[in-house]
Amino acid sequence: MIGNNRHDDDLISDTLKTVFGFQTFRPNQENIIKSILDRQDVFAVMPTGGGKSLCYQLPAKILTGTAVIISPLISLMKDQVDAALENGIPAAFMNSSMTNQELSGVYRRLKENGIKLLYIAPERFVMPHFLETLKTFPISLFAIDEAHCISEWGHDFRPDYLSLSLIPKMFPDVPVSAFTATATQKVQKDIISKLGLRTPFVVRASFNRENLFYQVKSKTKIQIQILEFLKEHQGESGIIYRATRDSVMETADFLVSGGIKALPYHAGLSAVERSKNQEAFNKDEIQVIVATIAFGLGIDKSNVRFVVHADLPKNIEGYYQETGRAGRDGDTANCLLFFSRGDIPKIRYFIDQITDESERTIALEKLNQTVEYAAHNVCRRKHLLGFFGEDFPGDNCGACDICTGSVEQVDVTIDAQIIMSAISRTGQRFGIGHIIDIVTGADTKRVRALKHNEIKTYGAGKHRDKKHWRFLINELLAQDMMRQEGDPYPVLKLTPKGLNVLSGKEEAKALKREETVTRRIGRGDQGRYDEALFEILRSLRKKIAEEHQVPPYVIFSDKTLHEICRHFPVTLPDMRRINGVGDTKLERYGEDFIQKIKMYLDQNPGVIVPEGKPDYSSDPCESCSKTKKKGETVEETYEFFKKGMSIEDIAKLRNLAPSTIASHLEQLIRDGRKIDIDSLVDPAKRKEIEKFFLSREQWALNPIVEHFNGTVSYEEARLVRAWAYHRSST
Ligand code: ADP
Ligand code: ZN
């Protein structure tokens, strides 16, 4: 017990040891506890796992009366009460799930002074007279958890929280402390003023979690990669986050069949099943929980040894919070992100659905930030902390893949010098677009007017495409070798670090980009080919073969695929030039393969497409003229379609199979021609199909047709696919 004197240091550290069983305080805990014991208000931003609960539980144990904790999560309340009871602290909660009888039980214990910690949901404070009732009991302190919920500026505003502002007014002598894991300076100010905290002791703890190892790996065969990761982490407990419910189910099944004890968790499961699975995870009955981001709030399992993100997160705030669930006990834990540019269009698709323009811009910016996190050669920790406005001191954190050198890096000094020289020679007065125009030797009006086609660097980088240079500039910006200045037309300026690179005193390094052709080259009969693309096309071939119930080699031989993977054909005439691609196969499968190749090239800007044409299997002019015919026949279909004819009618009229007409329309949609999809596929059905595609890793048709039990035809699936893909990629 503490009187009016200053706190008793021995009592505090004894309580820490005897009641909580800890030897030392975590950063900031002691100061916060002392402030509360001094009856001062507190505002604390501490990262997840930073040990916020102890900050109010320890003073609650020492002070006379009952500590009231306001917490929005009913599930967490129960866990906290259980944990307190385990430590021998009398605790209870009050929330809407309780019967009147249970509530009067709590009031009775309050009267008898038999509760040290009372957890209450915020909505109770909106009820009339609740605070007056509370006033009749001796209250030692108020602690408000998830305090950012009071701010509209935060990401989780809850109107009930506004009523908490009455607390300091009604309890002038009781200290009020507010805790949150996420608050920008703006939100912090807002919380303090909305709650009416009285000159609080303010703590902004470092968000750095020293025991977490951050790592990004390129995502290729994700489920196998996860399984391999788990084999290296046998006996360790962890969370695998996936972007969609379907992929959660798929991965969970896959892991179970691979001998891993895993359960799924997502909002589509029943409440009973969710809590059963969560419980099994908490109790270490299973090793892994595979979950959407619906999982996590209210989880305070301390021995989570890894958090794996199998898909690209939508924003860094969420990512950091999710990884924060690892290693709360302070032991080393792994945070691994599997990154593929192929995930970008999926998220973009959802962003495109946002109708509010500024909201959409923010979402896009956030997506960009996660891509930058994954793609650039900057200490992951520094990058993440920088995001929360914290400058990580030192150059090497010692606990991320970049700092420990476990990523492959490439020397980009020469390319960096090309960019920097263009910036420097034009007086550091131009923006990204123009600088790229200069190095790629673009013949624009502006370049000519400014005579920038006469400088030495003009066209010095025309061997690489614009994407490459844009990426490199982002890299150099991230590495602080250059910066952007000015608004709304920012120009590029070199920093001292950049000048060192330009003058050759320092090297510039970038991360080796995923799946570049150099690393993944295989050898076929005719020489080198792109192995990664080969794998993609091979699985496409397998799917088609299954659809048609023929062996894969009947579709295309390996030799043909190898050749495709050497020449990357992206138009029908180019595809027709490949050995083994005749007119029929071109018509049947050409578009499917081209689509994959285009996607692959989009996602792997580092791949260099050779200039040379493949050897012609037949007279090139003949094949050209034949493919031209195909173009004409597509146009013919388009003419009929514009007249309002259905697929069946056009097929009949032209004496072609409906599937052929559908494939024509598919091509037209992909080319961005005006096609009213609603006239082809019922809108409600289209939405369902589209949803299914987007929830999958692949754009294959088979699973769709299977999923809808024959109510969706291949043609319909094809058309919606083309439409959805076109929308998400533009
Ligand atoms: P937060 O609410 O900030 O996310 P918690 O209060 O749940 O974090 O604490 C996270 C974990 O750290 C819990 O398992 C808790 O028991 C433990 N913990 C808290 N303080 C200490 C400490 N001083 N020493 C060791 N472990 C601690
Ligand atoms: Zn680092």
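When a residue number appears, it is its place in the shown sequence, counting from 1. Remember, it's 1-based here, ligands and their atoms both numbered in the order they're listed.
- Side-chain atoms of Gln479 come within 3.5 Å of backbone N or O of Lys509 as a donor-acceptor pair.
- Proximity of the aromatic rings of Phe387 and His383 is defined here by a centroid distance below 6.0 angstrom, and this criterion is not met.
- Among Lys217, Lys512, Arg380, the one residue that satisfies the salt bridge (Lys or Arg N to Asp or Glu O under 4.0 Å) test with Asp401 is Arg380.
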Report every pair formed by an N or O atom of ligand 1 and a protein N or O atom separated by less than 3.5 Å, giving atom names and the distance to 0.1 Å.
| from | atom 1 | to | atom 2 | distance (Å) |
| --- | --- | --- | --- | --- |
| ligand 1 | 3 (O) | Gly50 | N | 3.3 |
| ligand 1 | 3 (O) | Gly51 | N | 3.1 |
| ligand 1 | 3 (O) | Lys52 | N | 3.0 |
| ligand 1 | 3 (O) | Lys52 | NZ | 2.9 |
| ligand 1 | 4 (O) | Gly49 | N | 2.6 |
| ligand 1 | 4 (O) | Arg328 | NH1 | 3.4 |
| ligand 1 | 6 (O) | Lys52 | N | 3.3 |
| ligand 1 | 6 (O) | Ser53 | N | 3.1 |
| ligand 1 | 6 (O) | Ser53 | OG | 2.5 |
| ligand 1 | 8 (O) | Gly51 | N | 3.2 |
| ligand 1 | 12 (O) | Arg26 | NH1 | 3.0 |
| ligand 1 | 12 (O) | Arg26 | NH2 | 3.4 |
| ligand 1 | 20 (N) | Gln29 | NE2 | 2.9 |
| ligand 1 | 23 (N) | Thr24 | O | 2.8 |
| ligand 1 | 23 (N) | Arg26 | N | 3.4 |
| ligand 1 | 23 (N) | Gln29 | OE1 | 3.0 |
| ligand 1 | 26 (N) | Arg26 | NH2 | 3.3 |

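- Evaluation of the side-chain hydrogen bond (donor to acceptor under 3.5 Å, both in side chains) test over residues 199-208, restricted to residues two or more places apart or in two chains, returns Gln188-Arg204, Ser206-Glu390, Asn208-Arg381.
- Around the Zn ion (ligand 2), the protein N, O or S atoms found under 2.8 Å comprise Cys379 SG, Cys397 SG, Cys400 SG, Cys403 SG.
- Residues Tyr319 and His309 bring their aromatic ring centres within 6.0 Å.
- For the residue pair Gln80 and Tyr119, a side-chain donor N or O sits within less than 3.5 Å of a side-chain acceptor on the partner.
- Considering only residues two or more places apart in sequence or on other chains, Glu285 meets the side chain to side chain donor-acceptor pair (under 3.5 Å) condition with none of them.
- The side-chain heavy atoms of Pro175 and Ile36, taken from C-beta on, include a pair separated by under 4.5 Å.
- Taking the six-membered ring wherever Trp is involved, the centroid distance between the rings of His266 and Tyr241 does not fall below 6.0 Å.
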